Structures are given as C-alpha cells and as structure tokens.
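The shown structure was predicted, so the numbers you read here are calculated from the model rather than taken from an experiment.
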Number of protein chains: 2
Amino acid sequence: MEEDLFKALADPTRRRILDGLVERDGQTLFEICARLATDHGLGLTRQAVSQHLAVLEAADLVRTRREGRYKFHDLNTEPLEHVVTRWLRPTPPGSTP
Amino acid sequence: MEEDLFKALADPTRRRILDGLVERDGQTLFEICARLATDHGLGLTRQAVSQHLAVLEAADLVRTRREGRYKFHDLNTEPLEHVVTRWLRPTPPGSTP
DNA sequence: TTGTCAGGCAAGTGTTCACTTGCCTATGGT
DNA sequence: ACCATAGGCAAGTGAACACTTGCCTGACAA
C-alpha cells in the first residue's frame, strides 16, 4: 500500500536504516543495530530495530532472506520510483530561465 | 528540515491536498476544504485543513501569498527533488535484463 | 544434551499526532 | 456603522506510534 510506504519513510531511524542498506546490502539485524549505534550514536534495543525492519518490510522497501539462523535484509527501491513524480508538475517552458 | 518534509508526506490527507494543488495552484483554504469533501468525501473541519496546511508550509511544500482577506496556497515541488534519489542505487549493469 | 547466538512474540508505557470545539482578528460589502 | 466572510490561536481528547521489558523458538557448536 502507498500508506505503508510513506509511514515507513516518516521515521528518521528507518531512513538511517535505508541509508545503511544502500551502502551494504544483506545486513543482519545485529549488524544494523551496530551500525546505528556506531555511525549515528543511536542506542536502540534489538527489538526496536526489529520492529522498524518489520515496518520497512511491510512497505516492501526491504526484502528478507533466511539462511540458517541468519536473516539478511536487502533494500528494494522499486516502491520509491513513482512516488515523487506524482507531484512533480511539468514545468511550463520559460519558468526556469 | 528533512524531518518536516517526510512528516508532511506521512499523512494521506496532506497528500490529497498536494494532489489538489497539482491540478490547480493558488487555492484558498475554503477551496481546499471543499475539494477534499467533494472529491474524496472527507468531512474535515476548516481548522483541521488549516493545520495540515501549516505542516505542509513548514516542510516548504506549500508557499502562501496574501491578497486582501484571501490567502492563496501554491505548491512547491523543490523539496521533493533530491528525496528519492537518496536511496536509488546505481543499478549494476545486467541486473535488469 | 547443554550452552550460546540470532531472532521472534506480546504486553505495557510515554509521547506524538490528527482532529475538534470555542473564541478572537481582520478584510470587504451594504 | 453593521454584518458576513476568510482566517488564526489555543486548549482538550482519543488514537497511533516508538520503544522497552520479559519470555520463547530455532540453529549451530562443544
């Protein structure tokens, strides 16, 4: 749903998680927790990050794959494609000199 | 702020307001109220819409200009430009056959 | 089997948010 | 002057949200 997408993007921590996944795909939950702590100084609980990942997954911004006892998280940019263009008006010619 | 932008986009009513401003720029508060009611069946109070417009204005998505007792609202798409591209990874060649 | 590591489920808490109600200001018409 | 119109300010309410704590499941190694 479109609703899930915008709600997922509304939280700054979730946007940081997306930033981290752009750098390296296939991170595990503990990796994401560590990166949030070291790179951004966010001391979040493992469950907090897990819930954020659930929201991102509901928005289809993050895909997951299990291997053994690890669960890797991959970024999916496809829902973002037609989001901004929704309001980007065709600029009238001559309005941007 | 970036925070204000994403929070502004998080609410469905505010996204409808943006949709309406894409169709016709320079709408007044009562016009926006009427369009939300007729086009989308949303029976919102004038103050509710006014508060939504304040949030959109804080995100710089809406610019306002006063003329007499009227206040016209104009859409500003500039904050949306570099939003999505933040996470749009350069697709590796051959990954989209 | 026992211990450990990665992750999940569920209830509880405090804050933020959307929306309403009530009153106030200012501009314009008659 | 009057009154209607267009909008603003502020307090209050109920729901959604972010985050925590505590316990439980499943996979690997000794």
Return the minimal non-hydrogen interatomic distance between Lys71(A) and His73(A), and the atom names on each side.
O-CD2, 3.4 Å
Between C1' on dG26(D) and CD on Glu67(A), what's the gap in Å once rounded to a whole number?
16 Å
With DNA chain D as reference, determine whether Gly68(A) or Ala10(A) sits nearer its 5' end, using the nearest nucleotide of each.
Ala10(A)
d(CZ, Phe6(B); P, dA18(D)) in whole Å
15 Å
Side-chain donor-acceptor pairs under 3.5 Å in residues 33-54 of chain A, sequence neighbours left out?
{"from": "Arg35(A)", "atom 1": "NH2", "to": "Glu23(A)", "atom 2": "OE1", "distance (Å)": "2.6"}
{"from": "Thr38(A)", "atom 1": "OG1", "to": "Ala34(A)", "atom 2": "O", "distance (Å)": "3.1"}
{"from": "His52(A)", "atom 1": "ND1", "to": "Arg14(A)", "atom 2": "NH1", "distance (Å)": "3.1"}

Mind calculating the distance between CZ (Arg15(A)) and P (dA18(D)) to the nearest angstrom?
11 Å
Single-linkage hydrophobic cluster Val84(B)~Leu18(A), side-chain heavy atoms < 4.5 angstrom
yes
side-chain hydrogen bond (donor to acceptor under 3.5 Å, both in side chains) involving Arg69(B) - partner list, sequence neighbours excluded
none
Partner of Leu75(B) under side-chain contact (heavy atoms from CB on, under 4.5 Å), picked from Leu56(B), Leu21(B), Leu80(B), is Leu21(B)
Spell out, as yes or no, whether a donor-acceptor pair under 3.5 Å connects the side chain of Arg15(B) to the backbone of Ala10(B).
yes
Phosphate OP1/OP2 of dC17(D) contacted by His52(A) side-chain N/O (<4.0 Å)
no
Going 5' to 3' through nucleotides 6-17 of chain C, assign each nucleotide B (protein heavy atom under 4.0 Å from a base atom), S (under 4.0 Å only from sugar-phosphate atoms) or - (no protein heavy atom that close).
SBBB------SS
Apply the hydrophobic cluster definition, ILVMFWY joined by side-chain contacts under 4.5 Å directly or through others, and give me every member besides Tyr70(B).
Phe72(B)
Is there a donor-acceptor pair closer than 3.5 Å between any side-chain N or O of Asn76(B) and the backbone N or O of Arg63(B)?
no
For the pair made of CZ in Arg65(B) and C1' in dA6(D), what is the distance, rounded to whole Å?
15 Å
Residues within residues 38-45 of chain B bordering DNA chain C, heavy-atom distance below 4.0 Å
Gly43(B), Leu44(B), Thr45(B)
Look at the side-chain heavy atoms of Ile, Leu, Val, Met, Phe, Trp and Tyr, link any pair under 4.5 Å apart, and say whether Leu9(A) and Leu5(B) land in one connected group.
yes
Length of the CG-P vector between Leu36(A) and dA18(D), whole Å
14 Å
Path from Val22(B) to Val55(B) over hydrophobic side-chain contacts below 4.5 Å:
no
Compute the bend angle of the helix from dT1(C)-dA30(D) to dT30(C)-dA1(D) from the end axes (five pairs per end), rounded to 10°.
20°
Does Leu88(B) reach the side chain of Glu81(A), with side-chain heavy atoms less than 4.5 Å apart?
yes
